[in-house]
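As the structure lists them, so they are numbered: ligands from 1, and atoms in each ligand from 1. Here, residue 1 is the first one in the sequence, and each next residue gets the next number.
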Amino acid sequence: MRKPQLSFFLAGFLAGIFLLLASATSFTLDRQPNSDYHVRREALAEKAGGVIVLFAPMESEGPNDLYGFRQEDNFYYLSGLTEPGAALLIAPDAEGKADKPAHSYTEILFLPARNLTQEKWTGPKLGPENPEAPKITGFDHVEDMAKLPEEVIKLVSSGAHPPIYTDVASHDQSSASAEPLEFLKDVNSFLIFLDVKPMIESLRTTKDAGELALIRKAVDASVAAHFAAFKAVKPEVNEREISALLQYEWGKRGCERPAYAPIVGSGYYSTVLHYSDDDKVMKSGEVVVIDAAGEYSMYASDITRTLPINGHFTARQREIYDIVLGAQQAAEAAFKSGKSNMKHEDPDSLYEVARNYINTHGKDSHGDTLGKYFIHGLGHPVGLNVHDSTDHSVPLGPGQVFTIEPGIYIPEENLGVRIEDDYYVDQDGKLIKLSAALPSKAEDVERLMAGK
Ligand code: GLY
Ligand code: MN
Ligand code: MN
């Protein structure tokens, strides 16, 4: 064999560098335009009226070890970046004071210096030295993480005691921002740290068009997965096989992970709300509750269907099934944009509509009404998190995405039924069922299970 030429090595080296840079600067998720994230940062700066500093978790602190690092929701919302260990600094326009210079809206993304040894394990990262970093990330400025203290001090130093808005952890939470901001206590022991999360979560309540498009992709992939499950549910099949099938089907359509632990609960376990063993053999004559959906480019979906394992509901199963579906339809029909909510004991509550429907239809085996078997809320917002935080003071209105998911769970009959769909309120206040393509009428469910 001929000796390789120097030019051959050089070409290979350059190709390697190119690939490395390309992979370090491309996004594996569907990402919204940089301008969408920029708009959110400016909105937050205006809302806070002060300096915001937020850290992404370190790679070793990712919330989901099983599927690898996942960016923290609020950091992702503001940046669209999956870089672990990054930080952002945002400050609104500020007039100058005697002891403090004026500045216009300021934003800096801080990236950790690249660690080539670590990158052998987890892949190339975008480094602060990359001259393209502002263009790639859409931040006005990108700096090395080592510059963060100096930049923060510049913005907060004054005679007064300005607050820093950051991720302040409550007793049962951890915060990626707490330890890296410790240095500020030495700079000014009177500095006040305020929690920025409620402000970001309030912005997250209303989804923009790009977010809605991603949620639609998560919903569509999950609907396709449920269609596949309709065909695969049969007596003597293990629940785990259905869980595996669902995950394969939405994964094939681009979802990076499940939006929550899939629930495939048959028989008695159809009545257990957060059952996740998914390991029983499904039996003829019982029902199975399938509450499972994928996450697409960080955005969740949340869908439940209840199927008769042998393809036909018994009369009693059908009775309960129709009451649950009726409750969902009653809530849909009662919806009023800008007025309806999910609170309990409120005149505009969709929960009360559904509960009232359940309480006025059917009986248990003791002749009692069924309301006491509806043991959870009617719905919740969906977004970057399957349970996006709920600001109950804001009624359901344009731009919001949420579930409507009534259920009846009667353990003594081994019978649980939940039907859950995802909804969006359009700009005209119309309620749009995003998961409408997945049938929920009992006869349609039976027809699809028969392969028709
Ligand atoms: N899958 C969780 C829920 O329905 O809220
Ligand atoms: Mn839900
Ligand atoms: Mn669910």
Side-chain angles (χ1 to χ4, degrees), residues 63-64 67 73 201 204-205 207 215-216 218-227 229-230 239 242-243 246-247 249-250 255 257-266 269-278 287-296 298-307 321 324-325 327-328 331-332 335 340-344 349-351 354-355 358 373-392 396 400-409 416-425 431-438 440 445:
N64 190 339
Y67 286 85
D73 290 341
E201 282 155 13
R204 281 171 53 191
T205 303
K207 272 68 186 177
I215 293 172
R216 277 188 190 279
V219 169
D220 290 350
S222 306
V223 163
H226 275 262
F227 270 115
F230 276 28
E239 294 161 357
I242 304 303
S243 172
L246 287 154
Q247 296 184 57
E249 291 290 340
W250 66 55
C255 290
R257 54 175 82 79
Y260 51 92
I263 299 165
V264 184
S266 63
Y269 290 97
S270 64
T271 72
V272 177
L273 298 185
H274 281 176
Y275 171 70
S276 61
D277 289 353
D278 299 358
V287 298
V288 58
V289 167
I290 302 177
D291 184 347
E295 172 183 299
Y296 185 93
M298 301 288 285
Y299 280 83
S301 52
D302 189 4
I303 298 175
T304 308
R305 288 293 181 268
T306 303
L307 311 182
Y321 188 94
V324 173
L325 186 60
Q328 191 193 46
E332 288 171 11
F335 178 78
S340 295
N341 62 55
M342 293 285 185
K343 292 180 200 173
H344 292 205
S349 166
L350 298 182
Y351 167 82
R355 191 178 159 86
I358 289 171
Y373 299 100
F374 175 27
I375 52 178
H376 52 70
L378 182 65
H380 52 86
V382 174
L384 284 165
N385 197 297
V386 69
H387 295 140
D388 254 14
S389 100
T390 313
D391 182 353
H392 278 309
L396 301 167
Q400 295 192 46
V401 175
F402 53 88
T403 66
I404 301 182
E405 49 174 309
I408 295 177
Y409 311 92
V417 175
R418 174 161 68 259
I419 300 169
E420 175 173 31
D421 286 279
D422 299 333
Y423 299 79
Y424 168 70
V425 185
L431 187 66
I432 312 282
K433 191 183 198 173
L434 297 170
S435 45
L438 185 68
S440 49
V445 168

### Message
Between ligand 1 and R418, is the shortest N or O to N or O distance under 3.5 Å?
### Response
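The answer is no, given that R418 and ligand 1 share no N or O pair closer than 3.5 Å.
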#### Entry: Short N or O distance, H274 and ligand 1, threshold 3.5 Å exclusive
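The answer is no, given that H274 and ligand 1 share no N or O pair closer than 3.5 Å.
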No-hydrogen, no-angle side-chain donor-acceptor test under 3.5 Å, [X] and [Y]:
X	Y	answer
Y275	E239	yes
Y296	R216	no
Y260	D291	yes

Write the atom name of the N, O or S atom in [X] that is nearest the Mn ion (ligand 2).
X	result
E420	OE2
D302	OD2
E405	OE2

### Query
the Mn ion (ligand 2) to H380: any N/O/S contact under 2.8 Å?
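It does; at least one qualifying atom falls short of 2.8 Å.
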### Message
What's the separation between atom NE2 in H226 and atom OG in S435, rounded to the nearest 0.5 Å?
### Response
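Between H226 NE2 and S435 OG, I get 9.0 Å after rounding to 0.5 Å.
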### Query
How long is the span from the CG atom in N385 to the OH atom in Y299, to the nearest 0.5 Å?
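If I round to the nearest 0.5 Å, the distance is 11.5 Å.
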### Message
Please list, in number order, the atoms of ligand 1 under 4.0 Å from a heavy atom of H387.
### Response
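Answer, ordered by atom number: 2 (C), 3 (C), 5 (O).
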### Message
Closer than 4.0 Å to some heavy atom of Y260 - which atoms of ligand 1 meet that?
### Response
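Checking each atom against Y260, I get 1 (N).
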### Message
Any non-hydrogen side-chain atom of E201 less than 4.5 Å from a side-chain atom of D388?
### Response
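They are not in side-chain contact.
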### Side-chain heavy-atom pair I263, Y269 within 4.5 angstrom cut-off
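Side chain of I263 against side chain of Y269, heavy atoms only: no contact under 4.5 Å found.
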### Query
So is D302 close enough to ligand 1, meaning a heavy atom under 4.0 angstrom away?
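The answer is yes, since D302 has a heavy atom less than 4.0 Å from ligand 1.
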